[in-house]
Amino acid sequence: TEKKQEPKKQRENSLRKGESKRDILEESLGSVMEGIREENGAGERKNCEVRQGKAKEGSSSTRERADEKEKQKKGRGEKRKKVKMEGEEKEGRKKLKKEKKVEEKQKLVRLGEELEVGDGAKEDEGGKGVKEEEMDEQGEDKACGQIQSMETEEKEVGKGDVLGKKQKTKEKKIKRRAKRKRPQRKPRKENPRMMERRITIRRWEEEKTNDGVKWKQLEHKGPYFVPLYEPLPDDVQFYYDGKPLKLSLATEEIATFYAKMLDHEYTTKEIFQNNFFNDWRKEMTPQEQEIIKQLDKCDFREIHKYFVDKNEARKALSKEEKQKLKEEADKIQEEYGYCILDGHREKIGNFKIEPPGLFRGRGNHPKMGMLKRRIMPEDVIINCSKDSKIPEPPVGHKWKEVRFDNTVTWLASWTENIQNTLKYIMLNPSSKLKGEKDWQKFEVARRLKDVVHKIRAQYQADWKSKEMKVRQRAVALYFIDKLALRAGNEKEEGETADTVGCCSLRVEHIKLHPELDGQEYVVEFDFLGKDSIRYYNKVSVEKPVFKNLQHFMKNKDPGDDLFDHLSTTALNKHLQKLMDGLTAKVFRTYNASITLQEQLKALTNPDDSVAGKLLSYNRANRAVAILCNHQRSTPKTFEKSMQNLQTKIDAKKEQLEKAQQELEEAEDEFKDKKNAKAEWRDMCPGFEQLAKLSVQATDKEENKQIALGTSKLNYLDPRISIAWCKKFGVPIEKIFNKTQREKFAWAIDMTDEDFEF
DNA sequence: CAATGTACTTAGGACTAGTATG
DNA sequence: CATACTAGTCCTAAGTACATTG
């Protein structure tokens, strides 16, 4: 528990740390960035140039940052309110819906067996292709027209902006309605159920096609439930107002959740305390409610100590006992951790039901401290195949439902009570199912490579469109492409931490500088993105983008949406027209992978040692992580371990020097000095070791606040790395650890050294 | 069309096991 | 052999995307 305390500050840090992080980053990455910049100079992407700028600028002060945040809060206020349905009502609706869905599915199955449907489906398919083409053309024509008329329309757009302010929602509605009238395509949007049906039928005809169906056979044991609460021993007491108070079992359990976190910074936060106390009181008996009225009169310290001690005791266990514990865990893993999917035994990702506890949101989460209740079998929906051995619920219990839905990949699900959303039990990334999906993802990104030039040309043209909507879309897309921003779905206010992505950027998140440090048209971004990680960047943009942004921001409050005529749905709809399967997030994947490939090309020196090559690889990887803003808090032990490494290096150096001296002395006795020295150098392993160490040190320093894992795992086409390994004779194990190799088995299987993303 | 719901990917930090080190 | 230190694993929150509903 002692150790656990430390992390408490980290989140807070990472919000503020941005600036210093950047500074350091820039410094250490200078060389890498330099390279990137050159690379990109010729091409369309100038990310890295941008990054450089950012690096130099680096820092608004921490104070500035805090002020900003304050402002944000004020600016937003009551705007953007959204009414949430009350829980019960919601529940009811959900249930109804589910019933309907099941019904529908059953109907589908029946329908699917009739050939008639198949014929219809085929026709559909043919028609679809044609329509798509037509649409593409249409889109292009439109764009052309817009370019021509753009200059004259400039003013009007400005006006629209003024309007946009408070009634923007209204305006939005109206505009959309107007837009809809235009002779757009007929809603080719077919019912996805129909699609599924069609596909099912096609499967009979041609062995393998795209799916709605994810499996034919699925058998598993159901999720593993963590043990029930064990009451505290009698000598461990809770005190209220200084006096010991015996709590009811349920109340005590929740008290232990809080007690365990006592030395975590969370528990000092007001929101956390309030949320916890609120939820706790709800679970108390009337008598307890009568007594326990103030959290600050509650004394959990004895309970806390109990758990600290317990933890210590566990650590101090003998080898045999630890071994035994491990074996038990393995047994559970063995029993619950696997399923059978289409005849193959596959590892499950998360087979354990999440234990109850206090919700720990990230960043400034309004729900932190709320009680995450215990999930019982009665809450869990099981999904498996009809003819499989249906999992047994724990004795005395039953499942909420057992369904046989082979159009989804999850094995079990339940609704979590904090945000009222679904949680799933799914397969491990090493599974065939996930692997294929992963592969598919990168194939989509590779297809983007072929059309990205066209798309870029198009959005650049669209910056001058007469339509506000189109302009905003074009600017947003530019950001997504150039800066690898996330799409930025809308979020319910008050339900989650206040974070944004591209489409949900607000006026307060950017600053415009017509000129800054010798660069023109600089946009300064400062916002909290996913997981409340700060994105801070200064980017020099093209003039039209800058002008557009000025327009978008005109007469708006800081808390207003920057792109008030744009939603992720609209953006993605547009992208879908440009390329099949294209969505905003594909740009992140594409740009990440292509950057890795380019960087590897630029940085790898075939004559380097393996260690040197690995450094290059890590640098390329790092460039991507920076692009995607994948940060981590500096490891707790960073300074120390850095020092250790330095000591080692120094020691090695000294040792070598000494050896050298000795050699020289000895040499005096020989004539052929030169030769001997060179030989000695070649033979002495010390030099190589020293080189290796210093490479290690560099790498470590550069990596201080950058997380490489996320991009490696999610954004970089593994085939690029594998091809690189093969080409330069680097063992794959140096790049991918065991888990990663399992996850990327599909790629390891199929890739040779010529692979090009 | 907005609000709601579902399924799946992406994310950082906590935790742990196992190795290196003293 | 105990301890220190990572690298790897686990955990689950927080996104994206798209379907459904009213």
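Remember, predicted model here, so these are calculated numbers, not experimental data. Per chain, numbering begins at 1; letters A, B, ... match sequence-line order.
- In terms of phosphate contacts, R314(A) brings a side-chain nitrogen or oxygen within less than 4.0 Å of OP1 or OP2 of dT16(B).
- Atom CH2 in W410(A) sits about 9 Å away from atom P in dC8(B), given to the nearest Å.
- Comparing dC11(C), dA14(B), dC18(C) against the side chain of K352(A) picks out dC11(C) as the nearest.
- Going from atom NZ of K326(A) over to atom C1' of dT9(C) covers 12 Å, rounded to whole Å.
- When heavy atoms are screened at a 4.0 angstrom cut-off, T499(A) is found touching the sugar-phosphate backbone but no base atom.
- A close approach under 4.0 Å does not occur between any side-chain nitrogen or oxygen of R362(A) and OP1 or OP2 of dT12(C).
- For dA13(C), neither phosphate oxygen OP1 nor OP2 lies less than 4.0 angstrom from any side-chain nitrogen or oxygen of H365(A).
- Residue T569(A) is out of contact with every strand shown, counting any heavy-atom pair closer than 4.0 Å.
- Side chains of D481(A) and N591(A): a donor on one and an acceptor on the other come within 3.5 Å.
- Toward the 5′ end of DNA chain B lies the nearest nucleotide of M426(A), the other residue of the pair M426(A) and R360(A) mapping further downstream.
- For the OP1/OP2 pair of dG15(C) and a distance below 4.0 Å, the side-chain nitrogens and oxygens of K491(A) include at least one atom meeting the criterion.
- F351(A) has its CZ atom 15 Å from the P atom of dT9(C), to the nearest Å.
- Within the 4.0 angstrom heavy-atom criterion, no nucleotide atom of any strand lies near P429(A).
- Using a 4.0 Å heavy-atom cutoff across all strands shown, K372(A) reaches sugar-phosphate atoms only and no base atom.
- In this structure, S413(A) does not reach the dA7(B) phosphate: none of its side-chain N or O atoms is under 4.0 Å from OP1 or OP2.
- Using a 4.0 Å heavy-atom criterion, one finds that A497(A) contacts no nucleic acid atom at all.
- Of the side-chain N and O atoms in K214(A), one or more sit less than 4.0 angstrom from OP1 or OP2 of dC8(B).
- Remark: P of dT12(C) and CD1 of I375(A) are 11 Å apart, rounded to the nearest angstrom.
- When the C1' atom of dC1(B) is taken as reference, atom CG of D564(A) falls 17 Å away, rounded to whole Å.
- Looking at heavy-atom distances under 4.0 Å, G488(A) makes contact with sugar-phosphate atoms alone, never a base.
- If you check every strand for non-hydrogen atoms under 4.0 Å, Y424(A) touches a base.
- No side-chain donor-acceptor contact under 3.5 Å links N420(A) to the backbone of T415(A).
- Within 4.0 Å (heavy atoms only), G361(A) reaches sugar-phosphate atoms of the nucleic acid but no base atom.
- A close approach under 4.0 Å does not occur between any side-chain nitrogen or oxygen of Q419(A) and OP1 or OP2 of dA13(C).
- For a distance-only test at 3.5 Å, the side chain of K423(A) fails to qualify as a donor-acceptor partner of the base of dT12(C).
- As a whole-Å value, the separation of K712(A) NZ from dT9(B) P is 21 Å.
- OP1 or OP2 of dT9(B) sits under 4.0 Å from a side-chain N or O of K434(A).
- Side-chain proximity of K437(A) to dA7(B), dT9(B), dA11(B): nearest is dT9(B).
- Remark: N572(A) is in phosphate contact with dA17(C), judged by side-chain N or O atoms under 4.0 Å from OP1 or OP2.
- In this structure, the nucleotide among dG12(B), dA14(C), dC18(C) sitting nearest to the side chain of F359(A) is dA14(C).
- For dT10(B), one of the phosphate oxygens OP1 or OP2 lies less than 4.0 angstrom from a side-chain nitrogen or oxygen of K441(A).
- Contact annotation: T409(A) reaches the phosphate of dC8(B) (side-chain N/O to OP1 or OP2, under 4.0 Å).
- Residues Q576(A) and D580(A) bring a donor and an acceptor atom of their side chains to less than 3.5 Å of each other.
- A salt bridge links D379(A) with R373(A): at least one charged nitrogen is closer than 4.0 Å to a carboxylate oxygen.
- Taking only side-chain nitrogens and oxygens, S633(A) comes nearer than 4.0 Å to OP1 or OP2 of dG13(B).
- Across all strands shown, N737(A) has heavy atoms under 4.0 Å from sugar-phosphate atoms exclusively, and none from any base.
- Projected onto DNA chain C by closest heavy-atom contact, L582(A) and T739(A) fall at different nucleotides, the more 5' of which corresponds to T739(A).
- By the neighbour-count criterion of 12 heavy atoms within 6.0 Å, atom NZ of K322(A) is densely surrounded, having more than that number from other residues, nucleotides or ligands.
- Around atom CH2 of W439(A), no more than 12 heavy atoms belonging to other residues, nucleotides or ligands sit under 6.0 Å away.
- OP1 or OP2 of dT9(B) has not a single side-chain nitrogen or oxygen of K585(A) nearer than 4.0 Å.
- Distance CG (D531(A)) to P (dG12(B)): 6 Å, rounded to an integer number of Å.
- Using a 4.0 Å cut-off, some side-chain N or O of R588(A) falls inside it from OP1 or OP2 of dA11(B).
- In this structure, N350(A) places its CG atom 13 Å from P of dC8(B), rounding to the nearest Å.
- Between K738(A) and I353(A), the residue anchored closer to the 5' end of DNA chain C is K738(A), taking for each the nucleotide with the nearest heavy atom.
- No hydrogens or angles considered: nothing links the side chains of S721(A) and K712(A) as a donor-acceptor pair under 3.5 Å.
- The pair E321(A)-K324(A) fails the salt-bridge criterion, with no side-chain N (NZ, NE, NH1 or NH2) lying under 4.0 Å from an Asp/Glu carboxylate O.
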